[in-house]
Protein chains: 2
Amino acid sequence: MQAAPHPSPLPLGFADGVFPAGCPSRTVLDHITSKWGVLVLVALSEGEQRWSDLRRRAEGISEKMLAQTLKTLERDGLVRRTAQPVIPPRVDYSLTERGYALSALLVPLVAWAFDNAEEILGGQGSTPAK
Amino acid sequence: MQAAPHPSPLPLGFADGVFPAGCPSRTVLDHITSKWGVLVLVALSEGEQRWSDLRRRAEGISEKMLAQTLKTLERDGLVRRTAQPVIPPRVDYSLTERGYALSALLVPLVAWAFDNAEEILGGQGSTPAK
DNA sequence: GATCCAGCTTACCTTTTGGTCAGTACCTTA
DNA sequence: TAAGGTACTGACCAAAAGGTAAGCTGGATC
């Protein structure tokens, strides 16, 4: 019933299985696995959306956090911001190709979390779980 | 050059594309996408490991954080802790089946981050990137 | 003339996260 | 007798994340 010794392919540059502290991938990982980053990316995987759409979809996000998250993702080349110089302003957000490739990995993760959440958190009554 | 309108399958219970604030999946997502949670899970995807192995692999983690992360993952039924009553103590950590299924989704994510990190962070000289 | 809209920015403050260091248990080795 | 090794726990404090609320733009509507 034990997992096999080397069952999972980890075809990385992490030669000896060590994740180095200063590795750039740490930074990127922090961005894309951030609380709101995941939700924004997955929301955008359904197609172009406006600021107000994103606010509604990532329920509970503050304007500050949405702005910050979008700025980070845009700087990382994952999200494209398209502003139209009209009044009132109209800004559309969409995934870049890179962001799109990433979302293909994130969507299953979110789906998994959704599917397993009940079962995972179900029997944690004794210790106040959080 | 735009992404297609609905290119990604989001086959979830998120009926209208909204991620509800109180949804249990939020909690689970927070656990499994936490800074150290990801690294520990991916490290364990290579097989059973000891406390000191994990400390070495997730370079930079403090003992406090390792303990906390392992406790959360164990409570979530993702990691199994096997203690042998010997002196000095010997404790092995491994993935459960559920943790194993999850790691199959996380490994590609970490691999992607590793592969794309340079390119993503490369040209961010102007703004102090952080 | 005031209000409203969308899409933000800024200042301020709280909550959470995480680091450091000390201590513990028990046996083994020097 | 003293130091070391493993796997932790707890106290204390600093840093970072994140929330709240206000303001700003400039034309359109009341």
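Order of the sequence lines fixes the chain letters, A, B, ..., with proteins taken first and strands second; residue numbering starts at 1 for each chain. Keep in mind the model is a prediction, meaning the values are calculated, not measured.
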Q. OP1, OP2 of D/dC8 versus side-chain N and O of B/R81: anything below 4.0 Å?
A. yes
**Q.** B/P88, nearest nucleotide to its side chain (from D/dG5, D/dA7, C/dG7)
**A.** D/dG5
(Q) Check the phosphate of D/dA17 against A/S34, side-chain N and O only, distance under 4.0 Å to OP1 or OP2. Yes or no? (A) no
Sort me out a list of protein N/O and nucleotides 28-30 of chain D N/O pairs below 3.5 Å, or just none if empty.
none

(Q) If I take atom OG from residue B/S25 and atom CG from residue A/L109, how far apart are they, to the nearest 0.5 angstrom? (A) 10.5 Å
(Q) For B/A113 versus A/L29, what's the shortest heavy-atom pair and its separation? (A) CB-CD1, 3.6 Å
**Q.** Pairing residues for B/T96 by the side-chain contact (heavy atoms from CB on, under 4.5 Å) criterion, not counting sequence neighbours
**A.** B/R80, B/R98
Q.
Using side-chain heavy atoms (C-beta onward) and a distance below 4.5 Å, is A/V42 in contact with A/R57?
A. no
(Q) Looking at A/E46 and B/G17, would you say the former's side chain and the latter's main chain have a donor-acceptor pair under 3.5 Å? (A) no
Q. Given atom CD of A/Q68 and atom C1' of D/dG18, what is their separation to the nearest angstrom?
A. 8 Å
Q: Rounded off to whole Å, could you give me the CZ-to-P distance for the B/R55 and D/dG5 pair?
A: 14 Å
Q: Tell me whether the OP1 or OP2 atom of D/dA7 has a side-chain N or O from B/R50 closer than 4.0 Å.
A: yes
Q.
Under the rule for salt bridge (charged side-chain N to carboxylate O under 4.0 Å, His left out), what residues qualify as partners of A/D92, not counting sequence neighbours?
A. A/R90
Q. So does A/Y93 get a side-chain nitrogen or oxygen closer than 4.0 Å to the phosphate oxygens (OP1/OP2) of C/dC8?
A. yes
Q. B/L70 has an atom CG; how far is it from atom P of D/dT9, in whole Å?
A. 10 Å
Q) Shortest non-hydrogen contact from B/L105 to A/P108? A) CD1-O, 3.8 Å
Q. So, B/Q49 side chain and B/G47 main chain: donor-acceptor pair closer than 3.5 Å or not?
A. yes
Q) Between C/dT24 atom C1' and B/W51 atom CH2, what is the distance in whole Å? A) 14 Å
Q: Take the protein atom CD of B/Q49 and the nucleotide atom P of D/dA7, then report the distance between them rounded to whole Å.
A: 12 Å
Q) Separation of A/D53 atom CG from C/dG7 atom C1', in whole Å? A) 13 Å
Q. Which of parallel (below 30°), tilted (30 to 60°) and perpendicular (above 60°) describes A/F14 and A/F19?
A. perpendicular
I'd like a table of atom pairs between the protein and nucleotides 19-21 of chain D - only N or O on both sides, under 3.5 Å - with the distance next to each one.
from	atom 1	to	atom 2	distance (Å)
D/dG19	OP2	A/S62	OG	3.3
D/dG19	N7	A/K64	NZ	3.4
D/dG19	O6	A/K64	NZ	2.3

Q.
What is the separation between atom CD on B/Q84 and atom C1' on D/dG5, rounded to the nearest whole Å?
A. 16 Å
Please tabulate, for the side chains in residues 58-65 of chain B, all donor-acceptor contacts under 3.5 angstrom to protein atoms that are two or more places apart in sequence or on a different chain.
from	atom 1	to	atom 2	distance (Å)
B/E59	OE2	A/A21	N	3.1
B/S62	OG	B/M65	N	3.3
B/E63	OE2	B/R55	NH1	3.2

**Q.** Estimated bend of the helix from C/dG1-D/dC30 to C/dA30-D/dT1 (axis per five terminal pairs, rounded to 10 degrees)
**A.** 30°
Q.
Counting C-beta onward and ignoring hydrogens, is there a side-chain heavy-atom pair between A/L78 and A/T72 closer than 4.5 Å?
A. no
Q) CG of B/D30 versus C1' of D/dG18: gap in Å, rounded? A) 13 Å
Q) Any side-chain heavy-atom pair from B/W51 and B/L70 closer than 4.5 angstrom? A) yes
Q: Please determine if a side-chain N or O atom of A/K71 lies less than 4.0 Å away from the OP1 or OP2 oxygen of C/dC8.
A: no
